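Worksheet: the structure to be examined is printed underneath.
Just so it is clear, the structure is predicted and the values come from calculations on it, not from any experiment. Chain A is the first sequence line, chain B the second, and so forth, proteins listed ahead of strands; every chain is numbered from 1.
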Protein chains: 2
Amino acid sequence: MLKNSEFVSKLRNSGLRPTKQRLKICEVLFNRDKTFHFTINDLAKNIAENFNEKISLATIYNTVHAFKDKGYLKEITISSDKSYFDTNITKHHHFYDEDTNLLIDCNDNEIGKVNIKNNITGKKISSVEVLVRVASDTQNQD
Amino acid sequence: MLKNSEFVSKLRNSGLRPTKQRLKICEVLFNRDKTFHFTINDLAKNIAENFNEKISLATIYNTVHAFKDKGYLKEITISSDKSYFDTNITKHHHFYDEDTNLLIDCNDNEIGKVNIKNNITGKKISSVEVLVRVASDTQNQD
DNA sequence: AATTTATATTATAATCATTCTAAACTGTTG
DNA sequence: CAACAGTTTAGAATGATTATAATATAAATT
């Protein structure tokens with residue numbers, strides 16, 4: 001739950017001008033108690049339905065990518081045609097429910113630390129992501 | 001290193017007619033000592049450059065997807081615009097080298113078993129995938 | 001081995017998400 | 001308030017993937 005003035009500083013601090021559109025998007029994404037997952041399409045729809053002033057699709061794309069580049073969003077890619085953004089930018093893993101197409105955050109109670117015994121020589125690990133796909137017991141397990 | 005007749009049975013067994021095009025693609029993909037990663041584009045290029053008879057792009061897409069559906073290929077999605085197919089269909093994880101855009105198979109010497117302590121109620125785990133992104137020490141860690 | 005049927009391939013067109021363009025607009029600085 | 005850089009916008013362009021429907025091929029049937 002952040003205030004408008006906090007979004008203004010947040011944007012300024014990362015070299016992004018606090019425009020009306022960006023602040024609106026910040027409000028939609030970050031003015032909440034809980035983090036969540038969304039697609040560009042979800043976000044565009046959300047804005048179109050809940051606000052009078054519309055934001056151009058190009059701006060929504062630009063802003064989401066700018067926020068991702070600045071580290072305010074993480075992208076979770078499920079398959080070549082399914083990609084979600086996550087407002088939870090802490091290190092964490094995901095369950096993906098193949099029945100509902102929903103992404104669910106894991107915490108340390110659910111997935112233990114991944115033990116990486118050897119890394120590629122001369123390289124540094126930039127991220128470790130675990131995706132656990134789940135489906136109903138009765139469903140085809142693919 | 002499989003023979004042509006083995007590909008014929010392999011295809012027949014999964015309800016796919018052993019056409020010239022599918023056998024050619026089998027040869028390119030599976031007639032090797034080591035498994036490997038490729039994109040549709042890589043495969044199309046490979047076929048175009050190394051064989052006289054060309055295979056239509058639509059057929060390449062259809063065949064790769066059919067092989068994936070039948071479990072002869074696995075798809076590894078790196079980001080919304082980068083997706084690889086893997087001829088190694090055993091359970092394993094990957095390193096992704098952000099400098100070279102290459103995918104590297106992990107084995108158990110490199111990543112230990114992922115400890116999933118709790119699963120979503122009523123669901124069955126269909127897969128567990130770990131992706132470790134790596135980059136040069138000197139590079140921006142994103 | 002000819003006929004029939006179902007399935008596969010092909011070139012091309014269609015689709016659709018994403019990115020580009022360049023004109024208009026806005027936030028910031030002095 | 002003027003000047004400038006950065007931003008937004010609608011619409012066009014792009015490009016990967018999928019659809020189409022005519023032709024070809026494999027398999028089943030006679």
A:Arg17 side-chain proximity, nearest of D:dG6, D:dT18, D:dA27: D:dG6

Rounded distance in Å - CG (B:Asn41) to P (D:dT14): 18 Å

Residues from residues 71-88 of chain B lying under 4.0 Å of DNA chain C - heavy atoms: none

N/O (side chain, A:Thr19) to phosphate O (OP1/OP2, D:dT7) under 4.0 Å: no

Separation of atom CZ in B:Arg12 from atom P in D:dA26, rounded to whole Å: 10 Å

Between P of D:dT17 and CD1 of B:Ile40, the distance in whole Å: 6 Å

Length of the line joining A:Lys70:NZ and D:dG6:P, which is rounded to integer Å: 12 Å

Distance in angstrom units between A:Ile25 CD1 and D:dT7 P, rounded: 13 Å

Ring-face cation of B:Arg32 near B:Phe36 (centre distance under 6.0 Å, axis angle within 45°): yes

Whole-Å distance separating the CG atom of B:Leu23 from the P atom of D:dT25: 15 Å

N-O pairing of A:Glu75 and A:Lys68 below 4.0 Å: yes

Check ion pair B:Glu98-A:Lys123 (N to O, under 4.0 angstrom): no

Protein-nucleotide distance (B:Lys68, atom NZ; D:dT18, atom P), rounded to Å: 10 Å

Quiz item: cation-pi between B:Lys74 and B:Phe85, 6.0 Å / 45°: no

Side-chain (B:Ser56) to main-chain (B:Ala58) donor-acceptor, under 3.5 angstrom: yes

Expected output: side-chain B:Ser14 to main-chain B:Leu16 donor-acceptor under 3.5 Å: no

OP1 or OP2 of D:dA24 under 4.0 Å from side-chain N/O of B:Gln21: no

Side-chain donor-acceptor contact under 3.5 Å, B:Asn88 with B:Thr90: yes

Contact interval (first through last nucleotide) of DNA chain C with protein chain B, 4.0 Å heavy-atom: C:dA6 to C:dA11

Length of the CZ-P vector between A:Phe67 and D:dT7, whole Å: 11 Å

Contact summary for A:Asp105 and A:His37, nearest pair of heavy atoms: OD1-NE2, 2.8 Å

Side chain proximity check, A:Tyr84 to A:Leu102, heavy atoms < 4.5 angstrom: no

B:Lys82 charged N/C atom sitting above B:Tyr96 aromatic ring, 6.0 Å / 45°: no

Residue of the set A:Asp108, A:Asp86, A:Thr35, A:Asn107 for which side-chain hydrogen bond (donor to acceptor under 3.5 Å, both in side chains) holds with A:His92: A:Asp86

Residues in contact with DNA chain C, drawn from residues 46-57 of chain B - heavy-atom cutoff 4.0 Å: B:Lys54, B:Ile55, B:Ser56

Phosphate OP1/OP2 of D:dT17: any B:His65 side-chain N/O under 4.0 Å: no

Cluster link B:Leu103 to B:Phe95, ILVMFWY, side chain under 4.5 Å: no

